Colleague: 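Right, I'll just put the structure down here and ask away after.
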Amino acid sequence: MYANDIAVVGLAVMGQNLALNMARHGLGVTVYNRTWEKTEAFMAGPAQGASIIAAMDLKALAASLKKPRAVFLMVKAGSAVDELLDELLPWLEPGDIVMDGGNSHFEDTAARVLRLRDKGVSFLGVGVSGGEKGALLGPSIMPGGPREAWERVAPMLEAIAARAGDGRPCTGYMGRDGAGHFVKMVHNGIEYGVMQLLAEAHDLLLRGHGMEARAQSEVFDEWNAGSQASFLLEITADILARRDALTDAPILDVITDTAGSKGTGLWTSRSALTLGVPVPTITAAVEARMLSNLRDMRRIAAPLLPGPRETPPPADRECLGRALFLATLAAYAQGFALIRAAEEAWGFGLDTSEIARVWREGCIIRAAFLDDLVHDSPARSDAHNMLLSGAFDAHVASGQAALRRTVAQAAGFGVPVPGLAASLAYYDSLRSPRLPASLIQAQRDYFGAHGFERTDMPGVFHGPWEE
């Protein structure tokens, strides 16, 4: 009779690597996949010699686990999760814990928490970031749901999580209901924004500077240092250095310029709109992917729509690097502002310092400057926006002039930089004590009698529009 610690359901690459990670850290693991052939291949290959057993069905899976049971789902988000729960629940008992490690929508997760609670089973929505390599070597893990369930599985999740420089595991309790998947969604939204900013910097180096891929790789490598260092900068430098195995051309030359997505960036923008929180860099990144998929239209439009007749001289690389970093900080600031607003509206129990701590290693958006958000060093720790915390004053001071110059030069080149431009507009909106929204309020009152507030007295007023 087996008495394994945890089961992993779903043996795509992420599920396989998580199972191997768990086994490497001394956990007894049971695996199950709807397709037995995939299970057989895993057991005969990567799982050979590991403390992993395979279950042919969910009844056998449940029987193999010590009680209370812990089951980790790694299946496609959406209806597949609910269908699997329908099949799994008959074999579970009160006190058991089910964890969903996919990219489920946080509202779906909250509904599943309630559904399983009625049956005495705890449900945790667990954001997992780090890709295939992170799943194997140590991801960033963002669990949300019943706290008592987290406390019971915490030793297992802490064992397999990435470790930050201070040795702490990059996992922690995010909050109740769908908090874990909400944090993972915002993580992915920030990821969208930063990836777009890096793509725009690459485009400016290519079309503005005429710089070939290998030279660009060296530039990105230079930028990936000190407080600006990040995983996405690191892999961008590596990608630009790679050549296609078939043609020996730079790898980007043979990849189509259409970007796919799984919807989490769009979810982030939608949630931000619902909460009334501006996330323009993230939304610009979502729209840029949409525009990239208009490939046929772009090919038709290219010879028909005129561009600039004269182009400005290229900016220096240091200027572009400073602009990129400030724009990146703006993307993170927007994500953290959204998290704060969600906490105010829904009371998940979200802690931005704890989230920054969990993001320091293992995840796709890990970056050196996140340490500044974890430690109590910012001069203005009660600031409601990361850019106002005091931790980044020097970068803001030098970066804002560079960002202006970069966006202006991009316009001169005719190179679209929606992410960089959105970050600049966000920055300038934050620093404007008065915006032109007074005219919008006057317009709304003029045609719709919606009323407006005055600057000199309380109440709702109407303008002198009648003749």
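What you see is a predicted model; the values in this text were computed from it and never measured.
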Colleague: Applying the side-chain contact (heavy atoms from CB on, under 4.5 Å) test to Phe72, which of Leu124, Val98, Val31, Val128 qualifies?
Modeller: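 Between Phe72 and the candidates, side-chain contact (heavy atoms from CB on, under 4.5 Å) is satisfied uniquely by Val128.
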Colleague: Got a salt bridge between Arg34 and Glu87, using NZ or NE/NH1/NH2 to carboxylate O under 4.0 Å?
Modeller: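 Answer for the salt bridge query: yes.
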Colleague: Where do Asn17 and Glu132 come nearest, in terms of heavy atoms and distance?
Modeller: ND2-O, 2.9 Å
Colleague: Fit a plane to each ring of Tyr173 and Trp150, take the angle between them on a 0 to 90° scale, and name the class: parallel (under 30°), tilted (30 to 60°) or perpendicular (over 60°).
Modeller: parallel
Colleague: Identify the heavy atoms of Met74 and Gly102 that sit nearest to each other, and give their distance.
Modeller: SD-N, 4.4 Å
Colleague: Can you check whether Phe231 and Trp359 have ring centres sitting under 6.0 Å from each other?
Modeller: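 That pair fails the under 6.0 Å test.
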Colleague: Between the side chain of Ser230 and the main-chain N/O of Arg366, is any donor-acceptor distance below 3.5 Å?
Modeller: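 It does not hold such a pair.
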Colleague: I'd like to know if the side chain of Glu200 reaches the main chain of Leu420, judged simply by a donor and an acceptor atom lying under 3.5 Å from each other, with no hydrogens or angles considered.
Modeller: yes
Colleague: For Asp177, give me all partners under side-chain hydrogen bond (donor to acceptor under 3.5 Å, both in side chains), at least two apart in sequence or on another chain.
Modeller: none
Colleague: Quick one: CD1 on Ile339 to CE on Met185, what's the gap to the nearest 0.5 Å?
Modeller: 8.5 Å
Colleague: Can you check whether Tyr427 reaches Val396 side chain to side chain, under 4.5 Å on heavy atoms?
Modeller: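 SC-SC contact between Tyr427 and Val396 confirmed.
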Colleague: Evaluate the criterion side chain to side chain donor-acceptor pair (under 3.5 Å) for residue pair Ser140 and Ser129; output intermediate values, then yes/no.
Modeller: CA-CA 5 Å; Ser140 172; Ser129 176; 5.9 Å; no
Colleague: Grab the two heavy atoms, one from Asp5 and one from Ala70, that are nearest each other, plus how far apart they are.
Modeller: O-CB, 3.9 Å
Colleague: What residues, two or more places apart in sequence or in another chain, satisfy ring pair (Phe, Tyr, Trp, His ring centres under 6.0 Å) together with Phe220?
Modeller: Trp223
Colleague: I'd like to know if Arg299 pairs up with Asp296 as an ion pair, taking the criterion as any Lys NZ or Arg NE/NH1/NH2 lying under 4.0 Å from an Asp or Glu carboxylate oxygen.
Modeller: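 Salt bridge between Arg299 and Asp296, a charged N being under 4.0 Å from a carboxylate O: no.
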Colleague: With side chains defined as the heavy atoms from C-beta onward, is the minimum distance between Arg24 and Leu136 less than 4.5 Å?
Modeller: yes
Colleague: Quick test of your reading of the model: are Asp82 and Arg112 salt-bridged, counting only N-O distances below 4.0 Å?
Modeller: yes
Colleague: Donor-acceptor check, side chain of Asn188 to backbone of Thr264, threshold 3.5 angstrom: yes or no?
Modeller: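 A pair under 3.5 Å: no.
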Colleague: Looking only at atom types and distance, does a side-chain atom of Ser104 sit under 3.5 Å from a main-chain N or O of Asp100, one as donor and one as acceptor?
Modeller: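 Not confirmed, Ser104 side chain does not pair with Asp100 backbone.
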Colleague: Please answer whether the main-chain N or O of Glu107 pairs with a side-chain N or O of His105 as donor and acceptor at a distance below 3.5 Å.
Modeller: yes
Colleague: Start with the C-alpha distance between Met156 and His25, add both sets of side-chain angles, then the distance that settles side chain to side chain contact (heavy atoms under 4.5 Å, CB included), and finish with yes or no.
Modeller: CA-CA 9 Å; Met156 290 188 285; His25 284 89; over 6 Å; no
Colleague: Kindly determine whether Thr30 and Asn4 satisfy side chain to side chain donor-acceptor pair (under 3.5 Å), including the steps that lead there.
Modeller: CA-CA 7 Å; Thr30 301; Asn4 276 350; 2.9 Å; yes
Colleague: In Å, rounded to the nearest 0.5 Å, how long is the span from CD1 of Ile355 to CG of Leu350?
Modeller: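 With rounding to 0.5 Å, CD1 (Ile355) is 5.0 Å from CG (Leu350).
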Colleague: CG/Leu85 to NZ/Lys119 distance, rounded to the nearest 0.5 angstrom?
Modeller: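 The CG atom of Leu85 sits 10.5 Å away from the NZ atom of Lys119.
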Colleague: Set out, in order, the CA-CA distance, both residues' side-chain angles and the distance that settles side chain to side chain donor-acceptor pair (under 3.5 Å) for Thr281 and Gln334, then state yes or no.
Modeller: CA-CA 8 Å; Thr281 308; Gln334 293 161 33; 2.8 Å; yes
Colleague: Any side-chain heavy atom of Ile141 sitting closer than 4.5 Å to one from Val358?
Modeller: no
Colleague: Mind checking whether Ile97 and Val121 have side chains closer than 4.5 Å, heavy atoms only?
Modeller: no
Colleague: Is there a donor-acceptor pair closer than 3.5 Å between any side-chain N or O of Arg298 and the backbone N or O of Ser292?
Modeller: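 Checked: pair present.
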Colleague: Closest heavy-atom contact between Ile282 and Gly265?
Modeller: CG2-O, 4.4 Å
Colleague: So Val153 and Val126, side chain to side chain contact (heavy atoms under 4.5 Å, CB included) or not? Walk me through it.
Modeller: CA-CA 11 Å; Val153 300; Val126 182; over 6 Å; no
Colleague: When you measure from the side chain of Gln16 to the backbone N and O of Leu11, does any donor-acceptor pair fall under 3.5 Å?
Modeller: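 Confirmed, Gln16 side chain pairs with Leu11 backbone.
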Colleague: Strictly below 4.0 Å, N to O, side chains only: are Arg340 and Glu343 in salt-bridge contact?
Modeller: no
Colleague: Side chains of Asn33 and Val9: does their closest heavy-atom pair fall under 4.5 Å?
Modeller: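 A side-chain contact is absent here, since even the closest heavy-atom pair is not under 4.5 Å.
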Colleague: Under 3.5 Å, is there a donor-acceptor pair between the side chain of Asn293 and the main chain of Ala259?
Modeller: yes
Colleague: Would you say the rings of Phe182 and Trp267 are close, in the sense that their centroids are separated by under 6.0 Å?
Modeller: no
Colleague: Compute both the distance and the angle, then confirm whether Arg289 meets the cation-pi test with Tyr192: under 6.0 Å from the six-membered ring centre, within 45 degrees of the axis.
Modeller: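 Checked: cation-pi criterion met.
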Colleague: Applying the ring-ring contact (aromatic ring centres under 6.0 Å, His included) criterion to Tyr332, which one of Phe325, Phe392, Tyr426, Phe369 satisfies it?
Modeller: Phe369
Colleague: For Val81 and Leu84: C-alpha separation, side-chain torsions, deciding distance, then whether side chain to side chain contact (heavy atoms under 4.5 Å, CB included) applies.
Modeller: CA-CA 5 Å; Val81 177; Leu84 180 57; 5.8 Å; no
Colleague: Would you call Arg115 and Asp86 a salt bridge, using N to O less than 4.0 angstrom?
Modeller: yes
Colleague: Please confirm whether the backbone N or O of Ala249 pairs with a side-chain atom of Asp244, one donor and one acceptor, at under 3.5 Å?
Modeller: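 Checking the backbone N and O of Ala249 against the side chain of Asp244, no donor-acceptor pair under 3.5 Å is found.
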Colleague: Over all heavy atoms of both residues, which pair between Pro416 and Arg207 is shortest? Give the atoms and the distance, please.
Modeller: CD-NH2, 3.3 Å
Colleague: Rounded to the nearest 0.5 Å, what separation is found between the CG atom of Leu273 and the OG1 atom of Thr268?
Modeller: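 Taking CG in Leu273 and OG1 in Thr268, the distance rounds to 11.0 Å.
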Colleague: What I'd like to find out is whether the side chain of Arg168 reaches to under 4.5 Å of the side chain of Arg163, using heavy atoms alone.
Modeller: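 Contact flag for Arg168/Arg163 side chains = no.
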Colleague: Counting C-beta onward and ignoring hydrogens, is there a side-chain heavy-atom pair between Tyr32 and Leu58 closer than 4.5 Å?
Modeller: yes
Colleague: Hey, what do you get for CZ (Arg242) to CZ (Arg214), rounding to the nearest 0.5 Å?
Modeller: 9.5 Å
Colleague: Do any N or O atoms from the side chain of Thr109 and from the backbone of Gly125 form a donor-acceptor pair under 3.5 angstrom?
Modeller: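 No: the side chain of Thr109 does not pair with the backbone of Gly125.
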Colleague: What residues form a side chain to side chain contact (heavy atoms under 4.5 Å, CB included) with Arg243, not counting sequence neighbours?
Modeller: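 Arg243 satisfies side chain to side chain contact (heavy atoms under 4.5 Å, CB included) with Asp248, Pro250 once adjacent residues are dropped.
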Colleague: Side chain to side chain donor-acceptor pair (under 3.5 Å) for His202 and Thr236? Distances and angles first, verdict last.
Modeller: CA-CA 9 Å; His202 151 67; Thr236 299; over 6 Å; no
Colleague: I'd like to know if Arg360 and Asp166 make a salt bridge, using a cut-off of under 4.0 Å between side-chain N and carboxylate O.
Modeller: yes
Colleague: Where do Leu388 and Leu430 land on the side chain to side chain contact (heavy atoms under 4.5 Å, CB included) test, with the steps shown first?
Modeller: CA-CA 10 Å; Leu388 307 179; Leu430 285 181; 5.6 Å; no
Colleague: Decide whether Asn103 and Lys184 meet the rule of one side-chain donor and one side-chain acceptor closer than 3.5 Å.
Modeller: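 Yes.
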Colleague: For residues Ala54 and Thr39, report the shortest heavy-atom separation together with the two atoms involved.
Modeller: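 Closest approach of Ala54 to Thr39: CB-CG2, 3.6 Å.
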Colleague: Output the distance between atom OG1 (Thr406) and atom CZ (Arg322), rounded to the nearest 0.5 Å.
Modeller: 8.5 Å
